[in-house]
Chemist: 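First the structure, then my questions, so here it is.
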Amino acid sequence: MRLDRDFFTRNTIIVARELLGKILVLKRDEKIYKGKIVETEAYIKTKDDAAHFHKGITDRTRVVAEEGGHIYIYNIYGMYQCFNIIAEKKGVHGGALIRGIEPIEGIEYMYENRYKKPLNQPKKREIINLTNGPAKFVMAYGINKDEFYGADLVTDDRIWVEDSPKLPREKIIKTTRINIDYAKSKDYLLRFYIKDNPFVSKK
DNA sequence: TCCGAGATTGGCT
DNA sequence: GCCAATCTCGGAT
């Protein structure tokens, strides 16, 4: 069952943590992609200079001002894109970066999108490498900014998040975020991942 | 096989 | 010039 508005319009940190274990579903050309969210990071509205919207909303980040459930995609390092789910009520700024996904359905499509060749006798390492990073699963799903920037996971008919049973507390690891050494907020414990899951980008 | 350094790349500020 | 990243290749294990 699709997560509704009430899931996304809560506090950013709660949304980021509870997204673990949920299923990101994409339907394109009658092809279904499904994957379990295994790693997230929260970017929050106060005292977080690692957040793109820290100094206020710009044209790049305009969707962050929308109500929770919208999709914020940004370009990074010229060649990659990262996928965030906006949280909080309209006008409050916060979002969760999805950093890792475990493929569940449509693995053959993900494999083709990543390696530009059909899936045939894949190595275990190749499967892990499909979706164990924030730009990797975006490439695997074939998501791009032009197509999905600002889309709404609550109402869109191409992409949504499906509910799943709440994870037990001991399966959730809470730690520091990745590659934000430049930020004063680098030591905030705003990264969450599922313990022992191989599709987590970094332990 | 694993790990670190270096190259890659272009929009944003 | 900087950056919510990734790939490749070399040398070490």
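Sequence lines set the chain letters: A, B, ... in the order given, protein chains first and strands last, and positions in each chain run from 1.
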Chemist: Tyr43(A) has an atom OH; how far is it from atom P of dC3(C), in whole Å?
Modeler: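 Result: 13 Å.
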Chemist: For nucleotides 10-13 of chain B, which of its nitrogen or oxygen atoms have a protein nitrogen or oxygen under 3.5 Å away, and what is each distance?
Modeler:
unit_1  : atom_1 : unit_2   : atom_2 : d
dG10(B) : N2     : Gly78(A) : N      : 3.3
dG10(B) : N3     : Gly78(A) : N      : 3.4
dT13(B) : OP1    : Thr58(A) : OG1    : 3.0

Chemist: Do you know which two heavy atoms are closest between Ala50(A) and Ser185(A), and how far apart they sit?
Modeler: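 That closest heavy-atom pairing would be N-OG, 3.5 Å.
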Chemist: Polar pairs (N or O, both sides) under 3.5 Å between protein and nucleotides 7-10 of chain C?
Modeler:
unit_1 : atom_1 : unit_2    : atom_2 : d
dC7(C) : OP1    : Arg114(A) : NH1    : 3.1
dC7(C) : OP1    : Arg114(A) : NH2    : 2.9

Chemist: Using a strict threshold of under 4.0 Å (side-chain N to carboxylate O), is an ion pair present between Lys117(A) and Glu112(A)?
Modeler: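 No.
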Chemist: Hey, which of Ile107(A), Ile101(A), Asn113(A) is the one that makes side chain to side chain contact (heavy atoms under 4.5 Å, CB included) with Tyr33(A)?
Modeler: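 With Tyr33(A) as partner, Ile107(A), Ile101(A), Asn113(A) yield a single side chain to side chain contact (heavy atoms under 4.5 Å, CB included), made by Asn113(A).
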Chemist: To the closest 0.5 Å, what do you measure between CZ (Arg99(A)) and NZ (Lys202(A))?
Modeler: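 One gets 8.5 Å once the value is rounded to the nearest 0.5 Å.
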Chemist: Less than 4.0 angstrom from a charged side-chain N to a carboxylate O is my criterion; do Arg2(A) and Asp163(A) meet it?
Modeler: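 Salt bridge flag = no for Asp163(A) with Arg2(A).
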Chemist: Roughly how many Å is it from CD in Glu41(A) to P in dC3(C), rounded to a whole number?
Modeler: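 These atoms are roughly 15 Å apart.
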Chemist: Would you say dA5(C) has OP1 or OP2 under 4.0 Å from some side-chain N or O of Arg99(A)?
Modeler: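 Checking Arg99(A) against dA5(C): at least one side-chain N or O falls below 4.0 Å of OP1 or OP2.
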Chemist: Can you hop from Tyr43(A) to Tyr80(A) via hydrophobic side chains spaced under 4.5 Å?
Modeler: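 Yes, it is one cluster - the side chains of Tyr43(A) and Tyr80(A) are joined through contacts under 4.5 Å.
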Chemist: Is any side-chain heavy atom of Phe83(A) less than 4.5 Å from a side-chain heavy atom of Gln81(A)?
Modeler: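 Side chain of Phe83(A) against side chain of Gln81(A), heavy atoms only: no contact under 4.5 Å found.
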Chemist: Under the side chain to side chain donor-acceptor pair (under 3.5 Å) test against Asn197(A), which residue among Glu102(A), Lys36(A), Glu39(A) passes?
Modeler: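 Going through the options one by one, the only one that passes is Glu102(A).
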Chemist: Going by an N to O cut-off under 4.0 Å, is there a salt bridge joining Asp29(A) and Lys31(A)?
Modeler: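 Salt bridge: no.
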Chemist: I'd like a list of close polar pairs between nucleotides 11-13 of chain C and the protein, N/O only, cut-off under 3.5 Å.
Modeler:
none

Chemist: Please give, in whole Å, the distance from dC3(C) C1' to Asp49(A) CG?
Modeler: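 Nearest whole value for this atom pair: 14 Å.
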Chemist: Nearest-Å distance, CD1 (Ile128(A)) to C1' (dT6(C))?
Modeler: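 Checked: the CD1 to C1' distance equals 17 Å.
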Chemist: Do the rings of Tyr72(A) and Tyr149(A) sit parallel, tilted or perpendicular, given the 30° and 60° boundaries?
Modeler: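 Perpendicular: the ring planes of Tyr72(A) and Tyr149(A) meet at over 60°.
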Chemist: Round to a whole Å and report the spacing from CD1 of Ile98(A) to P of dA5(C).
Modeler: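 From Ile98(A) CD1 to dA5(C) P: 14 Å.
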Chemist: Nearest whole Å is fine: how far is dT1(B) C1' from Lys124(A) NZ?
Modeler: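 Lys124(A) atom NZ is separated from dT1(B) atom C1' by 14 Å.
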Chemist: Using side chain to side chain donor-acceptor pair (under 3.5 Å) as the criterion, point out the one residue from Lys184(A), His93(A), Arg177(A) that pairs with Asp48(A).
Modeler: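 When side chain to side chain donor-acceptor pair (under 3.5 Å) is applied between Asp48(A) and each of Lys184(A), His93(A), Arg177(A), only Arg177(A) qualifies.
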